[in-house]
Amino acid sequence: MSRRNKGWSAVPVVMVLAMGSWGCAHLPKTGTESTGEPLNVEVRTETHTYVTQAKVGEVQHRDSSGRLVGTSSLYENQVGSYDVTRWQVFQGEMNIDDQDFYSIAGDADAAAQIADYRSTGVTMNRVGIGLAIAGGAAMLAGIILGSSLSTKDEYGIASRPTWTTAAATGGILMGLVGGGVAWAGYARTKREHPIDDPQKAANAARRYNKQIGEQPEPEPEEVRPRRKRRR
């Protein structure tokens with residue numbers, strides 16, 4: 001009995017530590033105003049490599065009579081690669097938040113979409129924390145009341161009301177759901193690009209730069225080989 005209580009009482013501690021590692025979500029700092037400088041989008045692609053083992057064949061093992069007694073696989077290291085695209089937005093030389101970027105560029109719909117996305121994340125975080133706390137309280141109540149209300153029959157076998165076990169189990173489930181919701185909301189507020197579309201940002205920057213009279217950088221012309229004249 002005592003071992004079970006100790007094990008169960010460790011669950012809310014784990015839940016509290018998990019919630020503390022995420023913390024309360026907050027909206028990122030915004031409010032950068034236009035300085036009249038051009039907007040730019042910097043896109044870079046990073047190539048990462050990894051090594052994995054791939055099966056390239058099998059070896060058959062036979063006894064002295066030639067009967068097959070087993071097989072073993074042959075593996076070799078193979079190098080693979082994958083690309084990761086990262087991008088940032090700038091006003092002049094200063095890196096700014098995406099919401100401010102679209103606000104300066106005049107794309108009010110995109111700026112509002114980012115603001116709503118982040119605001120929803122804060123709400124989810126708060127609701128999730130509340131559910132986790134309520135779940136932990138319900139679980140503790142079920143454990144404590146179950147221990148205090150337990151009785152023993154004439155054979156010395158202890159029993160407790162079934163509703164206390166249900167309350168503890170329900171509290172655990174509620175805490176897990178709350179923790180998941182809180183984490184999802186926290187991740188929303190920390191996402192670097194709520195609208196993960198660098199081409200959309202580049203188009204907005206191009207329109208804005210045209211409005212302020214900034215000349216776009218000329219694209220390099222394709223050099224074609226000259227044809228030899230026939231004599």
Undergrad: Look at the side chain of Thr123 and the backbone N and O of Ser119, then say whether any donor-acceptor pair between them is shorter than 3.5 Å.
TA: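 Yes; at least one donor-acceptor contact below 3.5 Å.
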Undergrad: Between Ser34 and Tyr208, is there a side-chain heavy-atom distance shorter than 4.5 Å?
TA: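 SC-SC contact between Tyr208 and Ser34 confirmed.
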Undergrad: Under 3.5 Å, is there a donor-acceptor pair between the side chain of Arg188 and the main chain of Ala25?
TA: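 Checking the backbone N and O of Ala25 against the side chain of Arg188, no donor-acceptor pair under 3.5 Å is found.
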Undergrad: Are Val181 and Met124 close enough that some pair of their side-chain heavy atoms sits under 4.5 Å apart?
TA: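 Touching, per the 4.5 Å side-chain cut-off.
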Undergrad: Are Thr165 and Arg160 packed together at the side-chain level, in the sense that at least one heavy-atom pair is separated by less than 4.5 angstrom?
TA: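 Yes, side chains in contact.
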Undergrad: Please check if any side-chain donor atom of Thr45 sits under 3.5 Å from a side-chain acceptor atom of Asp83, or the reverse.
TA: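 Short answer, no.
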Undergrad: Could you pull out all residues at least two apart from Lys152 that satisfy side-chain contact (heavy atoms from CB on, under 4.5 Å)?
TA: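 In terms of side-chain contact (heavy atoms from CB on, under 4.5 Å), with neighbours along the sequence ignored, Lys152 is linked to Ala158.
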Undergrad: Is any side-chain heavy atom of Trp163 closer than 4.5 Å to a side-chain heavy atom of Leu145?
TA: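 Contact flag for Trp163/Leu145 side chains = yes.
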Undergrad: Applying a strict under-4.5 Å side-chain criterion to I, L, V, M, F, W and Y, I'd like to know whether Phe101 and Ile212 cluster together.
TA: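 Yes: a chain of side-chain contacts under 4.5 Å links Phe101 to Ile212.
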Undergrad: Would you be so kind as to tabulate the donor-acceptor pairs closer than 3.5 Å made by side chains of residues 102-110, with sequence neighbours excluded?
TA:
unit_1	atom_1	unit_2	atom_2	d
Tyr102	OH	Ala201	N	3.4
Ser103	OG	Gln99	O	2.9
Asp107	OD1	Ala110	N	3.2

Undergrad: Do Arg206 and Asn209 have side-chain N/O donor and acceptor atoms under 3.5 Å apart?
TA: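 Result is no, nothing qualifies.
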Undergrad: Measure the spacing between CD of Gln60 and OG1 of Thr71 and express it to the nearest 0.5 Å.
TA: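 Going from CD on Gln60 over to OG1 on Thr71, the span is 7.5 Å.
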Undergrad: I'd like to check the side-chain contact (heavy atoms from CB on, under 4.5 Å) partners of Glu93; sequence neighbours left out, ordered by chain and number.
TA: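 With sequence neighbours excluded, Glu93 shows a side-chain contact (heavy atoms from CB on, under 4.5 Å) to no residue whatsoever.
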Undergrad: Have Asn125 and Trp183 got a donor and an acceptor in their side chains that come within less than 3.5 Å?
TA: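 Side chains of Asn125 and Trp183: no pair found under 3.5 Å.
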Undergrad: Who pairs with Glu42 by side-chain contact (heavy atoms from CB on, under 4.5 Å), at least two apart in sequence or on another chain?
TA: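 Applying side-chain contact (heavy atoms from CB on, under 4.5 Å) to Glu42 gives Arg44, Gln88, Phe90.
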Undergrad: Enumerate the residue pairs fulfilling ring pair (Phe, Tyr, Trp, His ring centres under 6.0 Å) with a member in residues 25-77, sequence neighbours excluded, ordered by first and then second residue.
TA: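 Qualifying pairs, neighbours excluded: His48-Tyr82.
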Undergrad: Got Val89 and Asp98 here, is their nearest side-chain heavy-atom distance under 4.5 Å?
TA: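 Yes, side chains in contact.
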Undergrad: Go through the structure and list residues passing side-chain contact (heavy atoms from CB on, under 4.5 Å) with Thr32, not counting sequence neighbours.
TA: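 Once residues adjacent in sequence are excluded, the partners of Thr32 under the side-chain contact (heavy atoms from CB on, under 4.5 Å) criterion are Gln91, Met94, Ile96, Asp100.
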Undergrad: Are the charged groups of Asp97 and Arg118 less than 4.0 angstrom apart, N to O?
TA: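 Yes.
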Undergrad: Just how far is it from atom CE of Met174 to atom CD1 of Ile133, taken to the nearest 0.5 Å?
TA: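 Between atom CE of Met174 and atom CD1 of Ile133 there are 12.5 Å.
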